[in-house]
Amino acid sequence: MPSPVENLRLKLVDQVRATFNDQASGQKPVPPSDEALFEKDTPIRRVHADLVGMMTGGVRALLLQMLHPHALQGVLDHSNFREDMHGRLRRTARFIAVTSFGHRDDAQKAIERVNRIHAKVGGTLPDGTPYEATNPRTLAWVHVTEAQSFLAGYLRHVRPNMLGFEQDEYYRQFAVIARALGADPVPTTRREAEALFRELRSDLRPSAQAREIAQLVLSQRPKGTPAAVQTVIGAEAVAMLPPFARSMLGLQTPVLAALPARAATWGVGRTLRWAFKQN
């Protein structure tokens with residue numbers, strides 16, 4: 001019989017899997033494949049395997065993406081995010097899992113499915129400007145915010161001493177997915193990512209709708225997730241935002257709660273890595 005400690009570990013694993021998989025429809029975790037797009041123990045698979053780094057980074061990326069008028073309008077016009085924020089986040093997480101760890105054929109199918117969806121997403125901004133989800137520049141913003149944010153979460157909560165060449169390799173690997181989705185330009189190093197982020201920042205605009213979505217993202221709590229965990233994840237994501245983004249979204253810099261939130265997040269991350277037997 002499993003020991004009490006092992007029972008606790010298995011229960012925690014089940015809770016996490018229930019959060020990230022639609023078990024009601026029979027969805028199961030993505031099994032790691034030896035024939036994935038990326039080899040085992042390479043930067044993209046290490047970064048994308050850490051739950052806390054990905055959760056904090058994912059929230060940070062989504063907040064930044066909503067500052068882009070085209071990305072924002074696509075969500076407003078073609079998404080039921082208000083009724084199913086958890087579902088949207090879960091689908092994004094699954095796409096990352098499939099393309100990072102799944103068999104390359106499944107990864108390609110997932111990419112093609114997203115491209116088909118994007119091909120149907122378009123409309124006009126309030127000022128009459130047309131937008132399309134397939135716009136390479138918009139996709140470049142979505143990609144660079146995700147790449148920078150996922151890596152920032154990993155550096156902050158797992159490996160602050162990750163070597164520079166490993167970080168550059170992470171960008172080179174993630175670029176494979178970004179190009180397949182139609183993003184252009186796509187950074188392949190830290191320096192290129194920083195330059196692209198600065199360039200695309202001129203496309204951003206503050207808005208009441210972006211602030212609304214920010215509050216929804218920070219207040220949503222997937223079923224089964226302790227409120228305290230959601231609070232610290234949100235606080236860490238906001239703390240990792242650049243000051244200009246916090247200002248545009250009307251968010252306050254965590255001050256008094258910053259150190260407790262970071263310590264709590266570190267503890268959650270360590271517990272999850274133990275539960276999933278990650279180094």
Side-chain angles (χ1 to χ4, degrees), residues 37-38 44 48 57-85 87-100 102 104-151 170-189 192-207 209-210 212-214 217 245 248:
L37 291 177
F38 312 103
I44 194 169
H48 291 179
V59 172
R60 178 189 188 270
L62 186 54
L63 294 174
L64 286 168
Q65 289 164 12
M66 292 305 96
L67 289 172
H68 193 294
H70 293 206
L72 170 64
Q73 200 64 43
V75 169
L76 293 174
D77 290 347
H78 299 273
S79 173
N80 63 338
F81 69 94
R82 290 184 177 88
E83 295 78 28
D84 190 26
M85 178 65 75
R88 177 182 172 83
L89 296 175
R90 185 165 56 193
R91 289 187 291 275
T92 300
R94 190 166 187 85
F95 175 81
I96 294 293
V98 171
T99 52
S100 303
R104 64 188 57 173
D105 292 344
D106 294 330
Q108 186 59 42
K109 290 177 183 176
I111 290 168
E112 291 171 355
R113 184 165 55 251
V114 169
N115 284 337
R116 287 195 299 270
I117 293 171
H118 282 174
K120 300 176 182 178
V121 174
T124 56
L125 303 182
D127 65 2
T129 302
Y131 76 88
E132 295 178 340
T134 53
N135 184 307
R137 186 176 173 94
T138 305
L139 290 169
W141 174 251
V142 171
H143 170 69
V144 75
T145 57
E146 288 182 352
Q148 284 191 329
S149 297
F150 294 154
L151 185 56
Y170 171 76
Y171 280 106
R172 281 191 288 272
Q173 290 182 304
F174 208 177
V176 172
I177 301 172
R179 291 195 190 99
L181 291 171
D184 184 48
V186 177
T188 57
T189 66
E192 289 179 3
E194 291 164 2
L196 181 61
F197 187 91
R198 288 194 298 271
E199 176 188 341
L200 297 181
R201 177 178 166 180
S202 63
D203 294 350
L204 309 185
R205 298 290 184 273
S207 68
Q209 292 88 348
E212 176 197 1
I213 294 180
V217 170
M248 293 174 77

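Hydrogens, waters and symmetry mates are skipped; everything else that's a heavy atom, side chains included, is used. Quick caveat: nothing in here was measured; it's all calculated off a predicted structure.
Rounding to the nearest 0.5 Å gives a distance of 5.0 Å between CD1 of I213 and CG of L76. A distance of 12.5 Å separates NE2 in H68 from CD in Q73, rounded to the nearest 0.5 Å. Expressed to the nearest 0.5 Å, how far CG of L181 lies from CD of E112 amounts to 11.0 Å. Expressed to the nearest 0.5 Å, how far OG1 of T138 lies from CG of D184 amounts to 12.0 Å. Distance check, rounded to the nearest 0.5 Å: CG of L63 to CE of M248 gives 12.5 Å. Separation of atoms CG (L37) and OG (S100) is listed at 8.5 Å; rounding is to 0.5 Å.
Under the 4.5 Å side-chain criterion, counting only non-hydrogen atoms from C-beta, R113 is in contact with R116. Within the 4.5 Å cutoff, the side chain of F38 has heavy atoms near those of the I177 side chain. Side-chain contact between T188 and R179 is present, with heavy atoms from C-beta onward closer than 4.5 Å. No side-chain heavy atom of W141 sits under 4.5 Å from any side-chain heavy atom of E199. Between F95 and I111 there is a side-chain heavy-atom pair separated by less than 4.5 Å.
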Steps toward side-chain contact (heavy atoms from CB on, under 4.5 Å) verdict (E194, Q148): CA-CA 9 Å; E194 291 164 2; Q148 284 191 329; 4.2 Å; yes
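Counting only distance, with no hydrogens or angles, the side chain of N115 and the backbone of T134 share no donor-acceptor pair below 3.5 Å. With H78 contributing its side chain and G122 its backbone, the two residues share a donor-acceptor pair below 3.5 Å. Remark: the backbone N or O of E146 is not paired with any side-chain donor or acceptor of S149 at under 3.5 angstrom.
Here the shortest heavy-atom pairing between A245 and L64 reads CB-CD2, 3.6 Å. The heavy-atom pair separating V186 from A178 by the smallest distance is CG1-CB, 3.9 Å. Between S207 and L72 the shortest heavy-atom distance is OG-CD2, 3.4 Å. Minimum heavy-atom separation, Y170 to L151: CE2-CB, 4.0 Å. Taking all atoms of both residues into account, the shortest heavy-atom contact from A175 to P187 is CB-O, 3.9 Å. Smallest separation of non-hydrogen atoms from T145 and Q65: OG1-NE2, 3.1 Å.
Counting non-hydrogen atoms of other residues, nucleotides and ligands closer than 6.0 Å to CD of E132 gives a total of 12 or fewer.
Only one option out of F150, F174, F197 pairs with H143 in a ring-ring contact (aromatic ring centres under 6.0 Å, His included); it is F174.
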